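To start, the structure itself, in structure tokens.
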Amino acid sequence: MSSSSHRSHIRAAIVALIMPLAPASSWAAGFALFEHGGKGMGFGGAFTAQASDPSAIFHNPAGIAFLQGKQIYLGGTAVMPTWQFDGANPFPGEGVAERDAVSVLLPPAVYYTQAFTPRVALGVGVFVPFGLKTEWAEPDRFSGRFISQKSALGGFAVNPTIAFKLADRLAVGAGVDLRFSSVTLERRVPVINPFTQQPVDAADERLKGGTDLGIGFNVGLLAKVSDELSVGVSYRHRVKVDYTGTATFTPRTTGNAQLDARVLTVLPAQTLTLGSSITFPAFVSGGVAYRRGDWVFEADVNWYQWSSFQSIPVNFEERPDLSGSITENYSDSFQYRFGVERTLNDAWTVRGGYFWDETPAPPASISPLLPDADRNGFCLGGTWRSGSWTVDAASWFVLARSRSTAGVNRDSYEGTYKSHVLTLGVFLGYSF
């Protein structure tokens, strides 16, 4: 085989393998976070028809119209996912087993609300509506290292909000959703060794889209039909974030000096300018809450417009030959959330909840970046009160169904994923 043919094989391999791995694809499945307040978490996320603390800024902005005085509410949640993967033929093959590295997300939330008149309230919230972190154990030998060794979606939302009481039992609210977001992907770039026709690790690749801004809005309505019954609905608009970042390539030795030299002639410049975008989905939540004595019950239905996520543009300014788009073909999905609360005494309240969360991702999009699946969530929580202070705590155990790539994976990385997630949230509130 001639030297020019060797270089053509290597160049084709690099072009083919960079394109499917743009950093935006780390946003690979339904990973909206719903851990925005301890009380809402205790209800399994079913909080749209109550919205009775400052986390209403996320759940239903109309709720802050019913809050008294000035209130601060802040805390965070530890999100601890666990992944397992069992390979299938033809690649990586039956008997291949992989697991995740220890990975913890710590999304914080801070809210402030103030009643300016008996009918007008203002507030602002800072929280993390979407988040992702996947990292696989033994990255140097991980069979999916050419797809992802480590990926992360970071950022936060700043949500100034205003609410009005239209009547004693009816309020509306609206806010501006300022969405700051960043994405990161680390993986290996493989090339086909023309001497052996086997893939080898040619470079380390780090794709970084750092922190860019998209702007949206949210609105809500809350009606307290009676002392026992309330109804709420909220809408958060989709937000598009355009990323400007870099793709950095660090060559690795393949063990063959001749091949290393040829890879260097076709490997992209060590740093390329990268442009991409993500459209975060809109979602609608509707709920009904019923209070009877010391008990409160709520049921919510949430709809996510994941169908807005059909493809991802990938643009390399210095290498337009590598530019293109990635097909995702997500579908709209629903969440069903239920919660119950009982007040034990003036100091203590306990809660429990359950939710069912549909995945929007087709089998072709399931990958080591985020192996998403339908999920069951089981929730416990409680509140301690003393004077103007409250402490809310809640924990979720989220069990995903086993998910097979069904032989149609976009990256030809076939197998079955299993996962579960444990969360623990603690929030402190103060009224003055």
Side-chain angles (χ1 to χ4, degrees), residues 31-48 50-60 63-64 67-82 102-113 123-133 152 154-159 161 296 298 300 335 337-355 357 375-399 420-432:
F31 48 84
L33 297 177
F34 228 76
E35 296 89 342
H36 301 297
K39 186 175 181 180
M41 285 181 64
F43 275 97
F47 204 52
T48 305
Q50 295 179 75
S52 54
D53 65 31
S55 70
I57 290 172
F58 169 80
H59 289 281
N60 184 349
I64 71 170
L67 302 182
Q68 302 297 313
K70 303 174 184 178
Q71 297 194 27
I72 295 174
Y73 192 64
L74 57 89
T77 305
V79 181
M80 296 159 281
T82 298
V102 175
S103 181
V104 180
L105 281 170
L106 296 169
V110 180
Y111 307 93
Y112 172 79
T113 62
V124 62
V126 180
F127 49 86
V128 182
F130 294 88
L132 164 67
K133 183 179 180 182
F156 59 93
V158 180
N159 200 173
T161 301
V296 179
E298 179 158 351
D300 286 9
Q335 297 173 345
R337 297 179 177 272
F338 308 92
V340 59
E341 169 188 280
R342 186 183 181 190
T343 300
L344 302 179
N345 51 48
D346 291 341
W348 291 98
T349 300
V350 294
R351 301 180 187 91
Y354 167 80
F355 62 84
D357 187 358
R375 289 164 284 197
N376 291 277
F378 306 91
C379 319
L380 290 174
T383 295
W384 174 80
R385 302 178 188 82
S386 179
S388 298
W389 295 92
T390 62
V391 178
D392 294 325
S395 181
W396 288 359
F397 178 71
V398 185
L399 182 63
H420 65 266
V421 182
L422 181 65
T423 75
L424 176 62
V426 179
F427 288 78
L428 177 68
Y430 181 68
S431 303
F432 57 102

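Throughout, numbering of the chain's residues begins at 1 and tracks the sequence. Since the structure is predicted, the reported quantities are computational estimates derived from the model, not experimental observations.
Each of Thr349, Asp392, Asp53 was scored for a side-chain hydrogen bond (donor to acceptor under 3.5 Å, both in side chains) with Thr383, with one residue passing: Asp392. Exactly one of Val110, Ile64, Thr113 qualifies for a side chain to side chain contact (heavy atoms under 4.5 Å, CB included) with Pro54. That residue is Thr113.
A donor-acceptor pair is defined here as one N or O able to donate and one able to accept, closer than 3.5 Å; such a pair exists between the side chain of Asp300 and the backbone of Phe47. Side-chain atoms of Arg337 do not come within 3.5 Å of backbone N or O of Phe355 as any donor-acceptor pair. Counting only distance, with no hydrogens or angles, the side chain of Tyr111 and the backbone of His36 share a donor-acceptor pair below 3.5 Å. Checked by atom type and distance alone, the side chain of Thr423 pairs as donor or acceptor with a backbone atom of Trp396 at under 3.5 Å. Checked by atom type and distance alone, the side chain of Ser386 never pairs as donor or acceptor with a backbone atom of Trp384 at under 3.5 Å. With Glu298 contributing its side chain and Phe43 its backbone, the two residues share no donor-acceptor pair below 3.5 Å.
Taking CG of Asn159 as the reference point, atom CD1 of Ile57 lies at 6.5 Å (rounded to 0.5 Å).
Classification of the Tyr354-Phe378 ring pair by plane angle, with boundaries at 30° and 60°, yields tilted. Ring orientation note: the planes of His59 and Phe34 are nearly perpendicular, at an angle over 60° on the 30°/60° scale.
Counted by atom type alone, Ser55 and Lys39 present zero donor-acceptor pairs between their side chains at under 3.5 Å.
Annotation: side chain of Tyr112 is not in contact with side chain of Gln71 (no heavy-atom distance under 4.5 Å).
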